[in-house]
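Note on naming: letters A, B, ... go to the chains in the order of the sequence lines (proteins, then strands), and numbering restarts at 1 for each one. Note that the structure is a prediction, hence the values are computed from the model and not measured.
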Number of protein chains: 2
Amino acid sequence: MHSPALEGNLAQPVIRRLDALRQLSERGIALLQRAILEGLQRAGQGEDLANEGDPVDSVRIILSGWLCRFKTLEDGRRQITSFILPGDACDACVYLLSVMDHSIGTLTPVIYADIKRPVFERLLAADQSLAQAFWCETMVNSAIQREWTVNIGRRIALERVAHLLCEIHERLRPVGMIDGDSCAFPVTQIDLADATGLSVVHVNRTLQELRASRLITLRDRTLTIMDLRGLQNIALFTADYLHTKRCG
Amino acid sequence: MHSPALEGNLAQPVIRRLDALRQLSERGIALLQRAILEGLQRAGQGEDLANEGDPVDSVRIILSGWLCRFKTLEDGRRQITSFILPGDACDACVYLLSVMDHSIGTLTPVIYADIKRPVFERLLAADQSLAQAFWCETMVNSAIQREWTVNIGRRIALERVAHLLCEIHERLRPVGMIDGDSCAFPVTQIDLADATGLSVVHVNRTLQELRASRLITLRDRTLTIMDLRGLQNIALFTADYLHTKRCG
DNA sequence: CGGCGGCAATAACATGTGATAACGCGTGAA
DNA sequence: TTCACGCGTTATCACATGTTATTGCCGCCG
């Protein structure tokens with residue numbers, strides 16, 4: 001962990017992700033890498049990194065592990081509004097709002113960089129390509145959020161779950177977390193239900209159906225997509241909204 | 001329309017909205033106002049200002065009228081992902097993504113300013129308070145989008161419709177478009193259905209229920225909220241996510 | 001070892017919401 | 001005037017999804 005080589009590797013997902021959005025300058029990469037290494041933090045599984053109402057004064061960049069953003073209604077109903085994957089920033093710029101309007105919880109142990117607001121702002125000011133990449137990422141997150149609205153609003157359960165799986169698969173690819181047609185999937189059916197707006201029972205039914213159709217395998221926190229094209233068809237999935245190709 | 005006085009008034013909602021997010025400098029206001037007046041445009045009701053797949057090369061700022069952002073699935077299912085109200089910018093920065101991943105349609109005749117990307121970028125560079133206000137607005141839009149995810153995913157029909165009405169009411173207030181407890185509401189039940197992820201028929205049922213509970217009146221494109229507190233209670237509505245108070 | 005808790009899987013049953021269809025009403029065009 | 005059309009309203013019926021409950025598995029820990 002404290003050897004330079006390993007630390008260099010740690011920042012890889014972030015750099016790959018940002019560079020895929022906007023080509024980063026050598027200098028930008030170096031600056032980012034240093035800022036990351038100076039802010040290294042860890043969190044265990046099932047921790048809340050932030051809660052609704054908390055003041056925001058830093059940006060978090062996820063190096064490894066999964067998290068989710070969620071909101072809870074007074075009576076306990078919970079909705080996951082997005083998954084945060086390795087390489088993602090926890091909204092480069094929510095700090096503009098000064099108070100969290102949602103919570104962020106970990107689904108696995110997590111390694112992340114906590115970059116204080118002034119440091120982050122200096123970073124953006126110092127390198128234009130970094131600034132643009134981070135804004136780009138923010139915009140892509142908005143696009144994803146819109147697609148979730150569509151997903152939950154207009155797709156039926158089967159399509160809905162399939163769509164979510166497609167999206168995650170597609171997002172994990174550029175950061176190199178797909179192994180063949182499999183990937184880690186540390187999401188319980190409870191989480192899946194909270195993310196899709198369904199009940200746990202119905203998520204279970206739906207997964208059974210996807211399995212029966214020989215589209216996926218999901219066991220021991222590992223997802224295997226046996227028929228990607230088929231899954232995408234069911235989901236009415238197109239990856240356009242992820243803006244994977246370099247934008248702008 | 002072409003008298004300076006009237007033109008000054010035109011920009012009022014935008015200035016009020018942005019200034020509410022981040023105090024604008026005198027200079028920023030002047031610059032913004034000029035840019036707006038130089039880009040004045042109109043659109044009729046039921047027009048699409050942009051479609052999925054279109055290239056993006058300008059920012060639109062809405063001076064009067066209502067629009068909605070929406071996506072359509074291959075088989076025609078439609079989901080409205082947000083309403084765009086007077087004073088809103090059509091995402092100050094989607095242009096970072098270069099291609100629209102959704103469409104934008106008008107619900108009423110609309111007056112807006114079309115500001116070309118280079119002009120807009122010069123504007124942001126010229127005045128810090130403007131830049132911050134626009135970024136703030138973008139972040140608030142993200143927050144709204146998250147709340148919509150919660151709304152559609154976890155609230156039942158009655159709460160859902162009530163919540164949407166509360167939100168719109170709350171958003172119209174700072175731009176001065178609320179008259180007593182009434183406001184214009186140029187949204188058909190079809191639109192309402194597409195925004196809430198419900199069927200038209202069920203939206204109708206739900207509105208009847210809200211009327212029967214003496215919470216609202218909705219007739220002739222005019223919404224009157226007779227019991228705001230009651231409506232908010234039903235909707236489990238809290239305005240925090242709108243970040244109305246000056247942020248940052 | 002035994003008990004406990006988190007998670008997946010199923011069954012039986014309840015209901016919210018969707019689908020379809022029909023009707024009324026107002027407006028605008030021919 | 002008459003017709004067409006968009007929108008709201010209502011009724012009936014079907015079904016997707018929610019609710020509640022039970023069971024089993026497995027890892028954890030005293």
Side-chain angles (χ1 to χ4, degrees), chain A residues 44-47 66 68 73 75-80 105-109 151-164 184-212 216-223 234, chain B residues 44-47 66 68 73 75-80 105-108 151-165 184-212 216-223 234:
Chain A
Q45 170 177 11
E47 284 183 30
W66 289 38
C68 66
L73 298 184
D75 61 4
R77 278 175 284 178
R78 186 175 90 124
Q79 175 70 40
I80 293 181
T106 63
L107 299 175
T108 67
N151 199 32
I152 299 177
R154 282 300 181 223
R155 271 186 268 254
I156 64 171
L158 188 69
E159 301 165 343
R160 215 184 284 184
V161 173
H163 191 278
L164 183 57
F185 195 80
V187 182
T188 67
Q189 294 187 4
I190 298 174
D191 298 326
L192 226 34
D194 286 341
T196 52
L198 298 166
S199 69
V200 195
V201 175
H202 203 61
V203 164
N204 187 287
R205 286 195 273 251
T206 306
L207 287 176
Q208 301 300 355
E209 198 174 339
L210 289 173
R211 286 194 262 249
I216 65 163
T217 307
L218 178 53
R219 264 188 50 211
D220 303 328
R221 318 275 111 137
T222 300
L223 169 69
I234 282 201
Chain B
Q45 170 177 10
E47 285 182 29
W66 289 39
C68 67
L73 299 183
D75 60 5
R77 277 175 285 179
R78 187 175 91 125
Q79 176 69 40
I80 292 180
T106 63
L107 299 174
T108 68
N151 199 33
I152 298 178
R154 282 299 181 223
R155 271 185 268 254
I156 63 171
L158 188 69
E159 301 167 343
R160 214 183 286 183
V161 173
H163 191 278
L164 181 58
L165 299 183
F185 195 79
V187 182
T188 67
Q189 294 188 3
I190 298 175
D191 298 326
L192 225 35
D194 286 341
T196 52
L198 298 166
S199 68
V200 194
V201 174
H202 203 61
V203 164
N204 187 285
R205 286 195 273 250
T206 305
L207 287 176
Q208 302 299 355
E209 198 174 340
L210 289 174
R211 286 193 261 247
I216 65 162
T217 307
L218 178 52
R219 263 188 52 210
D220 304 328
R221 318 277 112 137
T222 300
L223 169 69
I234 281 203

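Distance Glu209(B) CD to dT10(D) P: 13 Å, rounded to the nearest Å. The separation between Leu207(A) atom CG and dT10(C) atom C1' is 14 Å, rounded to whole Å. Atom CG of Leu210(B) and atom P of dT9(D) are 12 Å apart (whole Å). The interatomic distance linking Arg160(A) (CZ) with dT17(D) (P) rounds to 7 Å, in whole Å. We find that CG of Asp191(B) is positioned 13 Å from C1' of dG8(D), with the value rounded to whole Å. To the nearest angstrom, C1' of dG18(D) lies 14 Å from CD of Glu159(B). dT10(C) atom C1' lies 14 Å from atom NE2 of His202(A), rounded to whole Å. Between the CD atom of Gln45(B) and the P atom of dC7(D) there is a distance of 8 Å, given to the nearest Å.
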Grab the N/O contacts between the protein and nucleotides 20-30 of chain D below 3.5 Å, and write none if there aren't any.
none

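Across all their heavy atoms, Ala193(B) and Ser199(B) have their closest contact at CB-C, 3.7 Å. Residues Asn151(B) and Leu164(B) approach most closely at ND2-N, 4.4 Å, considering heavy atoms. Counting all heavy atoms, side chain and backbone alike, Val187(B) lies closest to Trp66(B) at CG2-CZ3, 3.7 Å.
At a threshold of 4.0 angstrom between heavy atoms, the contacts of Gly197(B) are confined to the sugar-phosphate backbone, with no base atom among them. Residue Arg211(B) is classed as a sugar-phosphate contact, given heavy-atom separations below 4.0 Å to backbone atoms only. Nucleic acid contact for Thr188(A): sugar-phosphate only, since backbone atoms but no base atoms lie under 4.0 Å from a heavy atom of the residue.
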Leu73(B) and Gln79(B): CA distance, side-chain angles, deciding distance, side chain to side chain contact (heavy atoms under 4.5 Å, CB included) verdict: CA-CA 8 Å; Leu73(B) 299 183; Gln79(B) 176 69 40; over 6 Å; no

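Summary of the strand contacts: Arg154(A) and Arg221(A) both lie near DNA chain C, and taking for each the nucleotide with the nearest heavy atom, the more 5' one is attributed to Arg221(A). Taking the nucleotide of DNA chain C with the nearest heavy atom to each of Ile190(A) and Leu158(B), the more 5' of the two is matched to Ile190(A). With DNA chain D read from its 5' end, the first of the two nearest nucleotides for Leu218(B) and Ile156(A) is the one closest to Leu218(B).
No side-chain heavy atom of Arg155(B) sits less than 4.5 Å from a side-chain heavy atom of Ile234(B). Under the 4.5 Å side-chain criterion, counting only non-hydrogen atoms from C-beta, Leu210(B) is in contact with Leu165(B). Proximity of Ile152(B) to His163(B): side-chain heavy atoms (C-beta onward) are nowhere separated by under 4.5 Å. With contacts defined as side-chain heavy-atom distances shorter than 4.5 Å, the pair Ile216(A)/Leu207(A) qualifies.
Residues His202(B) and Arg205(B) bring a donor and an acceptor atom of their side chains to less than 3.5 Å of each other.
Judged by distance alone with a 3.5 Å cut-off, no donor-acceptor contact links the side chain of Arg205(B) to the base of dG16(C).
A side-chain contact (heavy atoms from CB on, under 4.5 Å) with Gln189(A) holds for exactly one of Asp194(A), Leu198(A), Val201(A), Val203(A); it is Val203(A).
Computed from C1' positions of five pairs at each end, the angle between the two local axes of the helix from dC1(C)-dG30(D) to dA30(C)-dT1(D) equals 30°, rounded to 10 degrees.
Which of dT9(D), dA8(C), dG18(C) sits closest to the side chain of Gln189(A) comes down to dA8(C). If you check dC7(C), dG18(D), dA9(C) against the side chain of Gln208(A), the one that comes closest is dA9(C). With dA8(C), dT9(D), dG18(D) as the choices, the nucleotide that has an atom nearest any side-chain atom of Leu198(A) turns out to be dG18(D).
Taking only side-chain nitrogens and oxygens, Asn204(B) never comes nearer than 4.0 Å to OP1 or OP2 of dG8(D).
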